[in-house]
Amino acid sequence: MAELQPIMPSTDPATGDPIVQAQEAPEPVPITDREVGDYREQDRFLPIANVARIMKSSVPPSAKIAKDAKETVQECVSEFISFITSEAAEKCQLEKRKTIGGEDILQAMITLGFDNYAETLKIHLAKLRQSGASATSQAAQRDQGSEDNPPLSAGEQADFPPFK
């Protein structure tokens, strides 16, 4: 049996340095219509009940929202989220990162022309992180036996300004 030899990189004859060839990232394979057909509609869109709840909070209590209006908004917000997320994912892929963060989403929104939304969401992201940090410290205090800041019960909500 022949002995295996290690693969050695090519070297530059002038300097003796190894020649490193840039490897291009593989092109993403587009999803075919058949593959899209394999997904159920409910798997591609946000849950209609959540969309309806958010829509109801924006209209007077006596107002009614038609089913087709809910479905249209469901499709629109799902497409919007996919649009923003794919831009953020592309940036992360270029930077060889696997996790999309809040800042990536905000940067994608700015890149795609949604600057006004991004500015508002920066504030919400900061508040979310602040409440997350305080929740973490509350959990640590609770683990140490402190009851100064009890956790939110099932009926309580954090103080966030309404999202408009």
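The figures here come from the full heavy-atom set of this structure, side chains too, leaving out hydrogens, waters and symmetry mates.
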If you look only at pairs with a residue in residues 80-102, which of them pass as a ring pair (Phe, Tyr, Trp, His ring centres under 6.0 Å), with sequence neighbours excluded?
Phe80-Phe114
As an exercise, state the distance from [atom1] of [X] to [atom2] of [Y], rounded to the nearest 0.5 Å.
X      : Y      : atom1 : atom2 : result
Thr111 : Leu106 : OG1   : CG    : 10.5 Å
Cys92  : Gln107 : SG    : CD    : 11.0 Å
Ile123 : Leu128 : CD1   : CG    : 13.5 Å

Please tabulate, for side-chain N and O atoms in residues 61-71, each donor-acceptor pair with protein atoms closer than 3.5 Å (sequence neighbours left out).
none

Sequence neighbours excluded, which residues qualify as salt bridge (Lys or Arg N to Asp or Glu O under 4.0 Å) partners of [X]?
X      : result
Arg129 : Glu103
Glu119 : Lys122
Lys56  : none

Checking [X] now: which residues fulfil side chain to side chain contact (heavy atoms under 4.5 Å, CB included) with it, not counting sequence neighbours?
X     : value
Asn50 : Pro47, Arg53
Val51 : Leu46, Met55, Val73, Gln74, Val77
Thr85 : Ile81, Ile100, Ile105

Nearest atoms (heavy-atom pairs only) where Ala88 meets Ala108
N-CB, 3.7 Å
When you measure from the side chain of Ser57 to the backbone N and O of Ile54, does any donor-acceptor pair fall under 3.5 Å?
yes
Taking only residues at least two apart or on different chains, which pairs with a member in residues 82-94 satisfy salt bridge (Lys or Arg N to Asp or Glu O under 4.0 Å)?
Lys91-Glu95, Lys91-Asp104
